[in-house]
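Each ligand, and each atom within it, is numbered from 1 in the order the structure gives.
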Amino acid sequence: MKKIFPIIVVLITLSVVGILFIQMSWIKNAFKLKHEEFQREVELSLKQTREALFSRFIYKSRTIVPDEQESRDFFLRNNFIVESNFSKDEVEQIIQRELQQNNVKDSFQFEITNYFKNAVIQSDRFQVADERNLFPMDLAPDDALRSHETLYLYITEDKSAIIREMLWMIIASIVFTSIIVLAFAVTVRTLFNQKKISEIKSDFINNMTHELKTPLATISLAIDALTNEKVIHDADKIKIYSSMIKEENKRMNKQVEKILQAARLEKEEIKLNLQKLDVHQVINKVADNFALQVQEKNGTLTLHLKAPNPIIEADEVHFSNIIFNLLDNALKYSDKVPHIEVETLSSGGVISIKVKDNGIGMNKETQSRIFEKFYRAHTGNIHNVKGFGLGLSYVKAIVEAHNGKIKVESTQGKGSTFTMLLPAGGK
Ligand code: ADP
């Protein structure tokens, strides 16, 4: 089933290439047909020219040879053009008329040669550039006979006229083919995106099941222990197990809250309850709640709260959440003793908040994608790092809802710095 997708892409690509090829050869064929039609028309004009010349000859020579049969013989015996004094203009007019009758509008030159192949009559500037457009015609009254004279008609074929005639066809081909290619490209891209989304979704579901299963298993074990005869009379142990249940319950709540946050973002339901907020107060509060976790890892969390006027217009709950998410990540994605720093600065109506860690860092590709929903980098040796890949997409959405910006700088193995820029919100 998985193989069907590339097969379809290959088949459609081949078909599109095939259609392009067929169209091109079809247009080429149409060119060829047009050219053949042109040649037929020229040849027909030549025949008619010959007939016209002959009629004119009979008319001119009727005083010398009144009978038509005799005229024919006379005609064959003589260089009739010279004999009967056809002028260059006369011949030119006849050719012009016949060509026009056959719809040949291109410019032409001509020459009439005698028995010795010498030119007896020639249009001005008679010059043959392309032998393929030089049409000879024996000037005998009909095809079965041979005369001494040959008319050479040279047509300067106007290829652009053919192109102009076929222009709508060429344009329509290009437009329709482009539409097919474009529609195909969009379809393939959509298919790839759908595939990516379905992979992301199944990853997410696996992740979520795992995340919720672990606390559930711990709670179940703790409850089993609580019902144990030995434990039931031991107040200290009951305390330990019930606090364990509470902790796991909290953890589960946190996970569910994260999923809900993401779901709310999905529906674009960010309703901000804006109020004047002291950034330093919020950071201090979140940092206090964090202190224990940092201590557990023997790390440090240092605050450099240097912004002189740290007031912004923000939603307290969302703003606390984003500070929490950034600190949580700084702690989670660390393979050594964590040293986390938070720094605030303000200048030109903007407050910047930096969260710096000495964790695992990330490469450029990861940096460019961490704000995407569900994106999680392969965290190398830190296999036990849990998450849904939702935290930073939430942070970005909230920062942007506050008209702010967030960026990341990071070096793999050395650490990362997240910088938020938010508009200062008055005194
Ligand atoms: P989660 O932590 O649930 O995976 P996030 O959206 O918070 O989701 O983070 C997305 C990804 O960005 C993480 O999986 C991780 O690979 C990377 N990341 C986030 N913060 C850091 C950090 N401080 N250091 C290194 N990598 C990080």
Side-chain angles (χ1 to χ4, degrees), residues 196-197 199-215 250-266 270 283 286-287 290 293-294 297 299-303 318-343 353-401 405-420:
K196 211 171 98 187
I197 289 171
E199 277 168 12
I200 287 173
K201 278 208 171 134
S202 64
D203 268 4
F204 171 71
I205 290 169
N206 286 343
N207 221 338
M208 188 173 74
T209 324
H210 178 79
E211 289 281 288
L212 296 179
K213 248 178 141 179
T214 321
K250 249 205 257 163
R251 212 172 103 187
M252 243 166 43
N253 248 335
K254 213 170 91 182
Q255 310 290 18
V256 171
E257 184 52 37
K258 265 199 178 162
I259 298 169
L260 285 179
Q261 279 175 2
R264 250 176 254 139
L265 286 189
E266 185 86 41
I270 317 175
I283 294 176
V286 179
F290 236 80
Q293 292 184 50
V294 180
K297 293 190 170 180
T300 55
L301 170 59
T302 323
L303 307 182
H318 284 303
F319 187 68
S320 309
N321 282 344
I322 61 180
I323 300 288
F324 177 88
N325 281 2
L326 291 178
L327 290 179
D328 194 34
N329 280 352
L331 202 64
K332 268 192 333 190
Y333 298 105
S334 170
D335 52 355
K336 31 190 164 320
V337 175
H339 294 297
I340 305 167
E341 289 174 43
V342 181
E343 184 190 69
I353 305 163
K354 271 189 206 287
V355 177
K356 187 172 170 211
D357 65 54
N358 62 335
I360 56 170
M362 5 170 182
N363 60 23
K364 284 265 174 272
E365 142 94 12
T366 306
Q367 286 174 48
S368 66
R369 300 195 54 193
I370 47 171
F371 296 110
E372 285 173 25
K373 205 176 260 185
F374 299 116
Y375 179 79
R376 302 204 71 217
H378 301 286
T379 41
N381 51 357
I382 316 188
H383 288 300
N384 54 349
V385 178
K386 309 269 166 43
F388 299 128
L390 293 171
L392 287 180
S393 70
Y394 169 77
V395 171
K396 187 173 159 72
I398 295 299
V399 169
E400 283 175 356
K405 279 189 190 131
I406 181 157
K407 60 178 182 186
V408 62
E409 289 153 284
S410 183
T411 314
Q412 220 163 4
K414 291 223 170 110
S416 316
T417 305
F418 285 86
T419 308
M420 283 189 285

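Taking a 4.0 Å cut-off on heavy atoms, G359 fails to register as neighbouring ligand 1.
Proximity of R376 to ligand 1, defined as any heavy-atom pair under 4.0 Å, is shared by backbone and side chain alike. The part of F418 lying near ligand 1 is the side chain, judged by heavy-atom distances below 4.0 Å. Contacts with ligand 1 closer than 4.0 Å are made by side-chain heavy atoms of D357 only, the backbone lying farther away.
Under the rule for a ring-ring contact (aromatic ring centres under 6.0 Å, His included), H339 has no partner lying at least two apart in sequence or in another chain.
Each of the following atoms of ligand 1 lies closer than 4.0 Å to a heavy atom of G391: 5 (P), 6 (O), 7 (O), 8 (O). The contact set between ligand 1 and K332, taken as ligand atoms under 4.0 Å from a residue heavy atom, comprises 1 (P), 2 (O), 3 (O). Those atoms of ligand 1 that come under 4.0 Å of a heavy atom in Y375, given as number and element, are 10 (C), 11 (C). Within ligand 1, the atoms closer than 4.0 Å to a non-hydrogen atom of L390 are 6 (O), 8 (O), numbered from 1 in the order shown. With ligand atoms numbered from 1 in the order given, ligand 1 contributes 1 (P), 3 (O), 4 (O), 6 (O), 8 (O) to contacts under 4.0 Å with heavy atoms of G389. Close contacts of ligand 1 with I370, meaning ligand atoms under 4.0 Å from a residue heavy atom, involve 11 (C), 12 (O), 17 (C).
Under the 4.5 Å side-chain criterion, counting only non-hydrogen atoms from C-beta, L390 is in contact with K373. Put simply, the side chain of V408 reaches to within 4.5 Å of the side chain of M362, judged on heavy atoms. Counting heavy atoms from C-beta outward, L326 and L392 have side chains that approach closer than 4.5 Å. Residues M420 and I323 meet the side-chain proximity criterion, which asks for heavy atoms closer than 4.5 Å.
Side-chain N/O atoms of N206 and T209 include no donor and acceptor closer than 3.5 Å.
In this structure, the side chain of S393 does not engage the main chain of F371 through any donor-acceptor pair within 3.5 Å.
When only interatomic distances are considered, the shortest N/O to N/O separation between Y333 and ligand 1 falls below 3.5 Å.
Ring geometry for H318 against Y394 counts as tilted: the plane angle lies between 30° and 60°, on a 0 to 90° scale.
Here the shortest heavy-atom distance to atom 5 (P) of ligand 1, taken over V355, L392, V395, belongs to L392.
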